[in-house]
Amino acid sequence: SPYSVPVSGLIAGNYALTAVASDNAGTHATNSIAITVQPRTEWDVSQDFSLTANPGGPWSYGYMNVLGGAFNLLTHSQYSPDNNGLMVFSWSKNGYEPVAVYKNQTSQTAISDGGSGNFPPGTVWFSGGIEGNVDNYGVIRFTVPADKAGTYRLETAVRTYLDGAACQDADFWVLKKRIEVFSRFLGPNSGTAYTNIFALAAGDTIDFVCGRGQDNMAHGSGLKLQASLKRTLTDTRPTVTITNPPNGAVFDAPASFTL
């Protein structure tokens with residue numbers, strides 16, 4: 001019968017995998033294949049979303065009291081039922097009030113607010129905190145991994161998280177190393193998008209920030225977020241060119257020349 005052996009943690013490179021089978025008579029059979037593990041170049045807020053740890057890889061979920069100020073992690077994780085009993089995951093301060101970051105990790109569309117909230121599988125959404133609390137701004141942060149400095153293409157799009165009359169306004173910012181590079185006020189039932197290219201060093205941060213909008217009210221305010229960062233790889237393979245002797249040169253024996 002077939003056998004399987006899990007393999008994990010391979011760094012980028014080329015590998016030869018060899019399987020050897022033997023029987024009690026000492027007969028052997030082997031089979032080899034070659035595989036390539038490519039360096040990771042792209043990160044996505046939905047595909048990489050962590051249900052088990054915060055931070056989870058390069059992504060972390062938290063809040064700020066002042067825009068660009070100290071970043072505080074959300075430490076409470078839970079599954080909560082939507083309007084139809086579908087259990088949806090979230091990170092929050094305490095499990096019962098914003099700030100919160102949600103992901104529909106199921107294969108069904110999640111429904112909230114009597115049908116005003118519709119969240120297809122994979123949707124990530126977040127909100128700022130209740131007015132008067134210290135968690136004014138909901139934040140989803142990307143931190144460049146230690147060995148992944150380089151040039152990144154950032155693509156993001158947001159839309160208010162509810163539809164129809166229940167939807168209220170919100171604010172959206174993108175911060176690079178806590179400095180604003182994009183901002184947009186979003187009225188009810190609206191969205192925006194932003195794309196840019198940045199040179200980022202290891203440890204640099206990109207923050208996606210949600211605020212309560214011009215009315216400064218948390219009720220009905222929040223954003224669905226799409227975000228990805230793709231790193232451009234530089235070709236560092238060695239090259240060599242023979243310049244002497246010229247290609248096709250003819251010599252009389254015994255020949256001597258300098259490469």
Side-chain angles (χ1 to χ4, degrees), residues 43-49 54 58-74 90-93 97-104 112-113 116-120 122-131 133-143 152-198 200 204-230:
W43 291 264
D44 182 274
V45 70
S46 175
Q47 295 177 15
D48 302 333
F49 195 95
N54 184 19
W59 296 97
S60 49
Y61 318 102
Y63 64 89
M64 294 175 178
N65 183 29
V66 177
L67 189 67
F71 175 70
N72 304 276
L73 290 172
L74 299 173
S90 66
W91 289 102
S92 66
K93 288 191 310 179
E97 66 178 358
V99 150
V101 179
Y102 299 85
K103 181 186 177 180
N104 179 6
S112 76
D113 298 84
S116 296
N118 291 268
F119 310 98
T123 301
V124 173
W125 68 103
F126 67 136
S127 61
I130 295 175
E131 51 274 14
N133 288 2
V134 297
D135 52 351
N136 283 312
Y137 304 99
V139 182
I140 298 177
R141 169 171 286 185
F142 175 83
T143 302
Y152 283 78
R153 179 180 176 84
L154 180 155
E155 296 183 0
T156 186
V158 293
R159 183 168 180 82
T160 47
Y161 87 112
L162 298 178
D163 300 313
C167 181
Q168 301 299 315
D169 61 359
D171 298 300
F172 178 60
W173 292 268
V174 179
L175 311 181
K176 173 177 175 266
K177 295 191 290 186
R178 301 191 182 188
I179 304 300
E180 178 184 317
V181 294
F182 178 79
S183 65
R184 189 62 48 88
F185 164 73
L186 297 172
N189 301 291
S190 66
T192 191
Y194 173 69
T195 299
N196 209 337
I197 295 175
F198 296 114
L200 299 175
D204 283 354
T205 57
I206 298 291
D207 293 326
F208 305 93
V209 183
C210 177
R212 294 186 292 261
Q214 291 181 355
D215 65 3
N216 198 34
M217 300 291 290
H219 180 71
S221 180
L223 295 172
K224 298 177 182 177
L225 174 70
Q226 296 175 308
S228 66
L229 291 101
K230 186 172 184 180

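Counting begins at 1 with the first residue of the sequence. Computed over heavy atoms, backbone and side chain alike; hydrogens, waters and symmetry mates excluded. Please read all numbers here as calculations on a predicted model, not as lab measurements.
Phe208 places a side-chain heavy atom less than 4.5 Å from the side chain of Val174. Side-chain atoms of Ile140 and Trp91, non-hydrogen and from C-beta on, never get closer than 4.5 Å to each other. Counting heavy atoms from C-beta on, the side chains of Asn54 and Val101 never come closer than 4.5 Å. Looking at Arg141 and Arg178, their side chains come closer than 4.5 Å, going by heavy atoms from C-beta outward. The closest side-chain heavy-atom distance from Phe172 to Leu225 is below 4.5 Å.
Sequence neighbours left out, the pairs with a member in residues 184-194 that pass side-chain hydrogen bond (donor to acceptor under 3.5 Å, both in side chains) are Arg184-Thr192, Tyr194-Asn196. Residues in residues 153-172 take part in these side-chain hydrogen bond (donor to acceptor under 3.5 Å, both in side chains) pairs, two or more places apart or across chains: Arg153-Glu155.
Take Tyr63 and apply the ring pair (Phe, Tyr, Trp, His ring centres under 6.0 Å) test, not counting sequence neighbours, and it matches no residue. Residues passing the side chain to side chain donor-acceptor pair (under 3.5 Å) test with Asp215: none are found, sequence neighbours excluded. The side chain to side chain contact (heavy atoms under 4.5 Å, CB included) search around Ser127 returns Pro98, not counting sequence neighbours. Residues satisfying the side chain to side chain donor-acceptor pair (under 3.5 Å) criterion with Asn104, sequence neighbours excluded, are Thr106. Partners of Asn65 by side chain to side chain donor-acceptor pair (under 3.5 Å), not counting sequence neighbours, listed by chain and number: Asn136. Under the rule for a ring pair (Phe, Tyr, Trp, His ring centres under 6.0 Å), the partners of Tyr102 that lie at least two apart in sequence or sit in another chain are Trp125. Applying the side chain to side chain contact (heavy atoms under 4.5 Å, CB included) criterion to Ala157, with sequence neighbours excluded, gives Ala193, Gln226. Residues passing the side chain to side chain contact (heavy atoms under 4.5 Å, CB included) test with Lys230, sequence neighbours excluded: Glu42. Remark: Ser183 engages Glu180 in a side chain to side chain donor-acceptor pair (under 3.5 Å) (not counting sequence neighbours). With sequence neighbours excluded, the residues satisfying salt bridge (Lys or Arg N to Asp or Glu O under 4.0 Å) with Lys93 are Glu97, Asp135.
Put simply, CG on Leu175 and OG1 on Thr205 are 8.0 Å apart, with the number rounded to the nearest 0.5 Å. In this structure, the separation between NZ on Lys176 and OH on Tyr152 is 13.0 Å, given to the nearest 0.5 Å. Atom OG1 of Thr143 and atom CG of Asp204 lie 9.0 Å apart (nearest 0.5 Å). Interatomic distance, CZ of Phe126 versus CG of Leu74, reported as 11.5 Å (0.5 Å rounding). Put simply, CZ on Arg212 and NE2 on His219 are 14.5 Å apart, with the number rounded to the nearest 0.5 Å. The CZ atom of Phe185 lies 3.5 Å from the CD atom of Gln214; values are rounded to the nearest 0.5 Å.
Proximity of a side-chain donor or acceptor of Asp113 to a complementary backbone N or O of Ser116 within less than 3.5 Å is not detected. A donor-acceptor pair under 3.5 Å is absent between the side-chain atoms of Asp207 and the main chain of Val139, judged by distance alone.
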Evaluation steps, side chain to side chain contact (heavy atoms under 4.5 Å, CB included), between Trp59 and Val45: CA-CA 7 Å; Trp59 296 97; Val45 70; 3.9 Å; yes

Could you walk me through whether Asn72 and Val134 pass the side chain to side chain contact (heavy atoms under 4.5 Å, CB included) check? CA-CA 10 Å; Asn72 304 276; Val134 297; over 6 Å; no

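In plain terms, the two heavy atoms of Phe119 and Ser112 that are nearest each other are CE1-OG, 3.4 Å. A pairwise comparison of heavy atoms in Gly222 and Cys210 identifies CA-SG, 4.0 Å as the closest pair. Closest of all the heavy-atom pairs between Leu223 and Ala170 is CD2-CB, 3.9 Å. In plain terms, the two heavy atoms of Pro120 and Asn118 that are nearest each other are CD-O, 3.6 Å. The shortest non-hydrogen separation linking Gly220 to Leu162 is CA-CD1, 4.0 Å. Scanning both residues, Val181 and Phe198, for their nearest heavy atoms gives CG2-CZ, 4.1 Å.
When ring centroids are compared, Trp173 and Phe182 stay outside the 6.0 Å threshold.
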